Visitor: 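Below you'll find the structure I mean.
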Amino acid sequence: MSIAGQFRNISPGDAASTGLPPLGHSPVGPVLRHGLELIEDLSRKLHRLDALMLTGKPNDISDAAASIEAALQEATPVFAALTDTMGRLGACNLTAAAAQLRQIEQQDAASLAEALRAALARFAKKSVSANRRAQQLNRGLNAALKSLQALGVQESGRLIAEA
C-alpha cells in the first residue's frame, strides 16, 4: 500500500508559514510515547475486563468497565495532543506519520509512531473480542432470566438471578 500523497513535507521554513511550531522544537517523541503508554494501559485494563467476564462476578466486571471508561475520559487530552501532532506532521495516519518522521530524520519518533499504530491495532482487536464476549454474556443472562421468570421463580416481586 503506497502512502505517497498522504502527507505533506514540512520543512522548518514551511512550519513557520503554517503557524505551527517547527517539528524539531515540538515534543513529537514524548507525545507518541505517552500515547503508546496510554494505549498499553488501556489494553491491560481491557484484558482484565475480558477475563473478568468469564468469572461472572458482576461487581468486579462493573468496576473494571468503569475503570476503562474513566481512563478513556482522562485520555482525552492525550488523544488531542496526538491529533495535533498528526496535524503538524500533515499525516492522515500513523504509517504516514512514521514515514514523515523518517524523512525528517527523527528515527526514534518514527519507531514510536509505528509502535503506537501496532498497539492501537491490538487494542482494537481486543476491544472487538471483549465486546463480543459482553454481548454473549448479556444474551446468556437474558435467557437465564427469562427461563427463571417462565418457571415462576420470584421473590417479593423480584426475579431471582442467583444460579
Side-chain angles (χ1 to χ4, degrees), residues 1-140:
M1 178 175 168
S2 172
I3 59 171
Q6 292 186 357
F7 58 89
R8 64 179 191 264
N9 294 329
I10 299 179
S11 67
D14 292 339
S17 68
T18 64
L20 298 171
L23 288 175
H25 301 341
S26 63
V28 174
V31 169
L32 292 171
R33 183 173 292 108
H34 191 61
L36 180 60
E37 291 167 355
L38 176 77
I39 294 301
E40 288 174 347
D41 181 54
L42 285 168
S43 289
R44 282 188 295 276
K45 288 179 180 184
L46 186 60
H47 179 74
R48 181 174 176 268
L49 173 62
D50 196 31
L52 282 171
M53 283 191 279
L54 295 172
T55 68
K57 297 178 181 175
N59 291 336
D60 292 343
I61 293 169
S62 177
D63 290 345
S67 171
I68 291 171
E69 185 176 350
L72 284 169
Q73 289 175 350
E74 290 171 9
T76 301
V78 177
F79 290 136
L82 284 167
T83 301
D84 180 59
T85 299
M86 295 291 287
R88 284 186 285 132
L89 287 170
C92 64
N93 59 41
L94 288 165
T95 301
Q100 178 70 21
L101 289 164
R102 288 202 195 299
Q103 186 177 13
I104 60 174
E105 299 178 4
Q106 289 193 14
Q107 300 301 323
D108 289 342
S111 295
L112 285 169
E114 290 169 347
L116 179 57
R117 184 202 55 75
L120 283 167
R122 285 189 305 273
F123 180 75
K125 197 176 204 180
K126 284 181 187 178
S127 180
V128 168
S129 174
N131 186 41
R132 193 174 297 125
R133 187 176 317 281
Q135 288 174 348
Q136 290 170 347
L137 180 62
N138 185 39
R139 282 193 296 273

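What you see is a predicted model, and the numbers here were worked out from it, not measured in a lab. Hydrogens, waters and symmetry mates are skipped; everything else that's a heavy atom, side chains included, is used.
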Visitor: What distance do Gln106 atom CD and Leu89 atom CG have between them, rounded to the nearest 0.5 Å?
Guide: 8.0 Å
Visitor: Anything under 3.5 Å between a donor and an acceptor, one on a side chain of residues 46-72, the other on a protein residue two or more places apart or in another chain? List them.
Guide:
unit_1	atom_1	unit_2	atom_2	d
Asp50	OD1	Arg133	NE	2.6
Thr55	OG1	Leu52	O	2.5
Thr55	OG1	Lys57	N	3.3

Visitor: Determine whether more than 12 heavy atoms belonging to other residues, nucleotides or ligands lie under 6.0 Å from atom CD of Glu105.
Guide: no
Visitor: What do you reckon, is CG of Asp108 surrounded by more than 12 foreign heavy atoms closer than 6.0 Å?
Guide: no
Visitor: What distance do Glu37 atom CD and Asp41 atom CG have between them, rounded to the nearest 0.5 Å?
Guide: 9.5 Å
Visitor: For residues 112-129, which side-chain N or O atoms pair as donor and acceptor with protein atoms under 3.5 Å away, sequence neighbours left out?
Guide:
unit_1	atom_1	unit_2	atom_2	d
Glu114	OE1	Arg102	NH2	2.8
Glu114	OE2	Arg102	NH2	3.0

Visitor: Are any of the side-chain heavy atoms of Gln135 and Asn131 separated by less than 4.5 Å?
Guide: yes
Visitor: Once you round to the nearest 0.5 Å, how far does CG of Leu38 lie from CG of Leu82?
Guide: 8.5 Å
Visitor: Going by the side chain to side chain donor-acceptor pair (under 3.5 Å) test, which pairs reach into residues 70-81, not counting sequence neighbours?
Guide: none
Visitor: For Leu94 and Met86: C-alpha separation, side-chain torsions, deciding distance, then whether side chain to side chain contact (heavy atoms under 4.5 Å, CB included) applies.
Guide: CA-CA 8 Å; Leu94 288 165; Met86 295 291 287; 3.8 Å; yes
